[in-house]
Novice: 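This is the structure, below, for whatever I ask next.
Side chains included, hydrogens not; waters and symmetry mates left out as well; all remaining heavy atoms used. Note that this is a predicted model, so its numbers are computed, not measured.
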Amino acid sequence: MSAKLFGDRMIHCSFCAKPEAEVSKVIAGPGVYICNECVRLCDELLAQPAKEPAEPSDQPEIPIADSMTVEEILGLLPRIASVSGQVDASLQTWVDRLRARGVSWTKIGDALGVARQSAWEKFAEQG
């Protein structure tokens, strides 16, 4: 079953940013998606022996980034941007659901760690 998100926009894996048309399956979570290829990679990584705990300052990142050319990184930007837009649209949907249940902008702002006014400015105009 092919799932579309927000009209004609294609769903992208939140991990590798591939569109659903390039993978076999996509699993949905709240605002995120993961493809079968990334699940397989995760399974392989989890099957490896555990390493020492990472330093808190370590940021998870694509391990091949240092070996990528500028052109490869530039080619990745639109895919990352599409995933970002997908998450923003999903967040809007969840906020709309809360508002439909009568949840105040103050509670929504608190949940997002922003002021009531900021939550309203970001989400009220779009919903």
Side-chain angles (χ1 to χ4, degrees):
M1 171 168 94
S2 177
K4 297 285 184 223
L5 178 69
F6 312 108
D8 292 334
R9 288 182 50 193
M10 189 69 69
I11 290 173
H12 290 76
C13 175
S14 300
F15 292 81
C16 68
K18 287 183 183 175
E20 68 173 332
E22 291 182 17
V23 296
S24 298
K25 293 182 181 181
V26 177
I27 301 167
V32 295
Y33 302 85
I34 187 167
C35 71
N36 61 295
E37 295 173 10
C38 287
V39 169
R40 183 176 49 249
L41 178 60
C42 289
D43 283 341
E44 292 171 8
L45 292 171
L46 291 171
Q48 296 175 3
K51 296 180 180 178
E52 292 295 318
E55 292 295 319
S57 62
D58 288 349
Q59 294 294 320
E61 192 174 331
I62 299 172
I64 60 168
D66 291 339
S67 65
M68 294 174 73
T69 66
V70 169
E71 290 77 23
E72 289 170 328
I73 295 172
L74 287 170
L76 189 58
L77 291 182
R79 291 170 58 174
I80 294 170
S82 70
V83 171
S84 174
Q86 176 176 281
V87 171
D88 288 343
S90 182
L91 182 57
Q92 179 69 53
T93 299
W94 285 101
V95 168
D96 291 345
R97 289 175 179 149
L98 287 170
R99 292 295 296 155
R101 293 181 182 190
V103 176
S104 71
W105 287 114
T106 300
K107 283 188 174 184
I108 292 169
D110 288 347
L112 293 171
V114 300
R116 177 204 66 80
Q117 183 70 23
S118 295
W120 179 83
E121 288 173 357
K122 180 167 177 74
F123 298 106
E125 303 293 320
Q126 300 173 28

Novice: Just how far is it from atom NZ of Lys122 to atom CG of Leu112, taken to the nearest 0.5 Å?
Specialist: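 The distance works out to 9.0 Å.
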Novice: Between Gln92 and Asp96, do the side chains contain an N or O donor and an N or O acceptor separated by less than 3.5 Å?
Specialist: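 Gln92 vs Asp96: donor-acceptor pair found between side chains.
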Novice: Rounded to the nearest 0.5 Å, what's the gap from OG on Ser82 to CD1 on Ile11? Could you check?
Specialist: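 Taking OG in Ser82 and CD1 in Ile11, the distance rounds to 11.5 Å.
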Novice: First locate atom OG1 of Thr69, then atom CG of Leu74, and finally report the distance between them rounded to the nearest 0.5 Å.
Specialist: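 The CG atom of Leu74 is 8.0 Å from OG1 of Thr69, to the nearest 0.5 Å.
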Novice: Checking Glu44 against Gln48: is there a side-chain donor and acceptor pair closer than 3.5 Å?
Specialist: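 No - no donor-acceptor pair under 3.5 Å links their side chains.
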Novice: Run the side-chain contact (heavy atoms from CB on, under 4.5 Å) test on Trp105 and Arg99 for me, step by step, so that the C-alpha distance in whole Å, both residues' side-chain angles and the decisive distance to 0.1 Å come before the verdict.
Specialist: CA-CA 8 Å; Trp105 287 114; Arg99 292 295 296 155; 3.3 Å; yes
Novice: About how many Å separate SG of Cys16 and CD1 of Ile80, when rounded to the nearest 0.5 Å?
Specialist: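 Reported value, rounded in 0.5 Å steps: 11.0 Å.
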Novice: Please report the shortest heavy-atom distance between Ala119 and Val114, naming the atom on each side.
Specialist: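 For Ala119 versus Val114, the nearest heavy atoms are N-CG2, 4.0 Å.
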Novice: With the 4.5 Å side-chain cut-off for hydrophobic clustering, are Val70 and Leu77 part of the same group?
Specialist: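 Val70 clusters together with Leu77.
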Novice: Work out which heavy atom in Tyr33 is nearest to a heavy atom in Phe15; give both atom names and the distance.
Specialist: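 Heavy atoms only, the tightest pair is O-CD1, 3.9 Å.
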Novice: Rounded to the nearest 0.5 Å, how far does OG1 of Thr93 lie from CZ of Phe123?
Specialist: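 Phe123 CZ to Thr93 OG1: 10.5 Å, rounded to 0.5 Å.
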Novice: Which value, rounded to the nearest 0.5 Å, describes the distance between Cys42 atom SG and Arg40 atom CZ?
Specialist: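 The CZ atom of Arg40 is 11.0 Å from SG of Cys42, to the nearest 0.5 Å.
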Novice: Quick check against the 3.5 Å criterion: does Glu20 have a side-chain atom that pairs as donor or acceptor with the backbone of Val26?
Specialist: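 No, the answer is negative, given that no donor and acceptor are paired below the 3.5 Å cut-off.
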Novice: Knowing that exactly one of Ser14, Cys13, Pro19, Ser24 qualifies, which makes a side chain to side chain contact (heavy atoms under 4.5 Å, CB included) with Cys35?
Specialist: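 Option passing the side chain to side chain contact (heavy atoms under 4.5 Å, CB included) with Cys35: Cys13.
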Novice: Could you check if a side-chain atom of Lys25 sits within less than 4.5 angstrom of a side-chain atom of Val39, using non-hydrogen atoms only?
Specialist: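 Answer no - side chains too far apart.
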Novice: How close do Lys107 and Val103 get, heavy atom to heavy atom, and via which atoms?
Specialist: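 Smallest heavy-atom distance, with atoms named: CB-CG1, 3.8 Å.
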Novice: Please report the closest heavy-atom contact between Glu22 and Glu37, naming both atoms and the distance.
Specialist: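 Looks like O-OE2, 3.9 Å.
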